Amino acid sequence: MSDPRPQRTYLPFLDVTRVLAVLGVVAIHVVGGGVSSGQVGLSVITLDMALVIAVPVFFMMAGALSLDPRAHHQGPLVFLRKRAIRIVPAMVVWSAFYIVVIRTMVSRHPVSVLDVLDLVVSGQTYTHLYFLFAIAGLYLVAPVLQAFLAGNEEVRAWVLGLVACLWTVGVMAIGQAGQMGVGHSVPLQAGTATFFLLYTGYFVLGRAFLVRPIPRWAAVVGLATVPGFIALVTWLYVASKRAAEDGTPDLWFSVLAPSYVSLPVVVYAIVLMASISSLCRGWRVSERMERLLRTVGNATFGIFLVHFAALVVLRELFPALSPYTPGAMVGAWALTVAVSTLLALVGQRIPLLRLIF
């Protein structure tokens, strides 16, 4: 009997993009402390700003795969069960691990029961773990989103994705303006149950880039604008930080300051990924290379989850990796990537550990 499921052509650029994104996330966390404390120069700040789209890319890649009709061919309950098996154990185990082991034992920041409850409710069990809460919410609404898109996917994915991104930008801009005294109400309090709302646009656009790619000439133009976006977000970061340090915060700098959901970064991420998807979707590889890319691509989830623990422990064991000097940062990044990749690949081969990697 033939398989009734729609066939999905393997697109190697999706796995390559996931790998590059997780490498970028590790780099952001390696240099982040130096950037925020002013211990690094403009070149490192520029690198940090160039990589700010790494997390949006993860959400786009998740949407590209999770909104594919093939993922829903057995119905919403099967889809949700599979995603729950993938995300819930990781959410529980890694949240507990980072709170108990990394935050309390390694970093020596004891927390009370009330602190733990607050961390869970706010979705901030550790710096990067809000991603788990956000992606869990997106998986929960994915069957509804996919059913809506199915009517006219090529148009609806673009429209819904862009509208959702505009909504996010508007909501967060109003929130930032409120902190400047324009108002006192925050339209959306980000937390465990609401993170997904902020990233729905990215999630849906990941699918839009595949089903209706932009013309190749537009993709070439889009890639040509990337240095300009990097320069813009770098300038906005430096200018907004300087204004805050001088005690003269500016409304526009506050609203446009680079974040995963600010207007400049949202446009930067959309332009870059729309361009890459258009130019690379026709790329094919050999079966051997496909197996390799699938393996490494599937490991990116585990690498993302474990890398912060690896970075903290490595800096504890080897203090020479702690300074924000070029050599120390490169070394910390390389070792963190190597250790995290090894742990993720090994974890995927052990039955119980596979649930959290």
Side-chain angles (χ1 to χ4, degrees), residues 1-11 13-15 17-18 21 55-91 123 130-172 187-188 190-214 260-261 266 269-270 273-274 276-278 281 294 297-298 301:
M1 182 180 294
S2 62
D3 189 346
R5 295 176 297 178
Q7 297 300 306
R8 177 192 295 166
T9 300
Y10 177 66
L11 301 176
F13 88 91
L14 293 177
D15 281 326
T17 302
R18 287 200 291 175
V55 170
V57 166
F58 264 122
F59 285 111
M60 291 177 182
M61 294 301 97
L65 299 173
S66 297
L67 295 178
D68 189 315
R70 183 183 174 92
H72 299 264
H73 79 282
Q74 292 179 304
L77 292 181
V78 174
F79 172 86
L80 292 174
R81 179 178 60 81
K82 290 180 178 179
R83 292 307 188 272
I85 292 173
R86 178 67 167 155
I87 203 75
V88 173
M91 187 186 304
Y130 73 91
F131 175 83
L132 291 177
F133 297 99
I135 205 68
L138 289 169
Y139 285 159
L140 191 61
V141 299
V144 178
L145 294 175
Q146 201 283 324
F148 170 75
L149 297 180
N152 187 0
E153 192 177 28
E154 293 185 1
V155 174
R156 291 183 179 182
W158 273 102
V159 173
L160 179 59
L162 290 175
V163 169
C165 281
L166 286 174
W167 177 86
T168 295
V169 167
V171 165
M172 298 309 293
L188 177 67
T192 299
T194 56
F195 271 128
F196 80 95
L197 293 171
L198 299 176
Y199 298 101
T200 298
Y202 287 140
F203 190 71
V204 177
L205 283 176
R207 185 64 187 160
F209 299 153
L210 293 184
V211 297
R212 190 170 185 174
I214 63 175
Y260 300 142
V261 290
V266 168
I270 291 173
M273 282 311 303
I276 290 175
S277 297
S278 174
R281 66 193 306 270
R294 283 185 183 275
N298 290 334
F301 182 66

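Atoms considered below: every heavy atom in the structure, side chains included; atoms not considered: hydrogens, waters and symmetry mates. Bear in mind the structure is a predicted one, so any value in this text is a computation, not a measurement.
Q146 is linked by a side chain to side chain donor-acceptor pair (under 3.5 Å) to nothing, counting only residues two or more places apart in sequence or in another chain. With sequence neighbours left out, P213 forms a side-chain contact (heavy atoms from CB on, under 4.5 Å) with S278, R281. Checked against ring pair (Phe, Tyr, Trp, His ring centres under 6.0 Å), Y260 has no partners two or more places apart in sequence or in another chain. Evaluation of the side-chain contact (heavy atoms from CB on, under 4.5 Å) rule for P89 yields L355, I356 as partners, not counting sequence neighbours. With sequence neighbours excluded, the residues satisfying side-chain contact (heavy atoms from CB on, under 4.5 Å) with A269 are I53, P56, M60, Y202. In terms of the side-chain contact (heavy atoms from CB on, under 4.5 Å) criterion, residue partners of V261 (sequence neighbours excluded) are, by chain and number, T168, M172, L198, Y199, S259. With sequence neighbours left out, the salt bridge (charged side-chain N to carboxylate O under 4.0 Å, His left out) criterion links R207 to D68, E153. For F196, there are no ring pair (Phe, Tyr, Trp, His ring centres under 6.0 Å) partners, not counting sequence neighbours. Evaluation of the side chain to side chain donor-acceptor pair (under 3.5 Å) rule for R294 yields E290 as partners, not counting sequence neighbours.
Taking both residues in full, the closest heavy atoms of V57 and A21 are given as CG1-CB, 3.9 Å, listed atom of the first, atom of the second, then distance. A190 and F195 make their closest contact through CB-CE2, 3.6 Å (heavy atoms, listed as atom of the first residue, atom of the second, distance). Contact between L65 and A71 at its shortest, heavy atoms only, is O-CB, 3.9 Å. Summarising the geometry of G297 relative to D15, their closest heavy-atom pair is CA-OD1, 3.6 Å, with the distance given to 0.1 Å. Taking each heavy atom of A64 and G206 in turn, the nearest pair found is CB-O, 3.4 Å. Annotation for A157 and V211: closest pair CB-CG2, 4.4 Å, computed over non-hydrogen atoms.
In this structure, W167 and L197 have side chains that are in contact, with non-hydrogen atoms separated by less than 4.5 Å. No side-chain heavy atom of L138 sits under 4.5 Å from any side-chain heavy atom of S66. Between F203 and L160 the shortest side-chain heavy-atom distance does not fall below 4.5 Å.
Residue pairs meeting the salt bridge (Lys or Arg N to Asp or Glu O under 4.0 Å) criterion with at least one partner in residues 160-171, sequence neighbours excluded, are absent. Sorted by first and then second residue, the salt bridge (Lys or Arg N to Asp or Glu O under 4.0 Å) pairs with a member in residues 75-91 form an empty list; sequence neighbours excluded. Applying the ring-ring contact (aromatic ring centres under 6.0 Å, His included) test to residues at least two apart or on different chains, the pairs with a partner in residues 132-161 are W158-F209.
Note: L205 CG to L210 CG = 11.0 Å, rounded to the nearest 0.5 Å. Note that CZ of R70 and CZ of F79 are 14.0 Å apart. Values are rounded to the nearest 0.5 Å. The distance from atom CZ of R156 to atom CG of L149, rounded to the nearest 0.5 Å, is 8.0 Å.
Between the S277 side chain and the A274 main chain, no donor and acceptor come within less than 3.5 Å of each other. The backbone N or O of P69 sits nowhere less than 3.5 Å from a side-chain atom of H72 that would complete a donor-acceptor pair.
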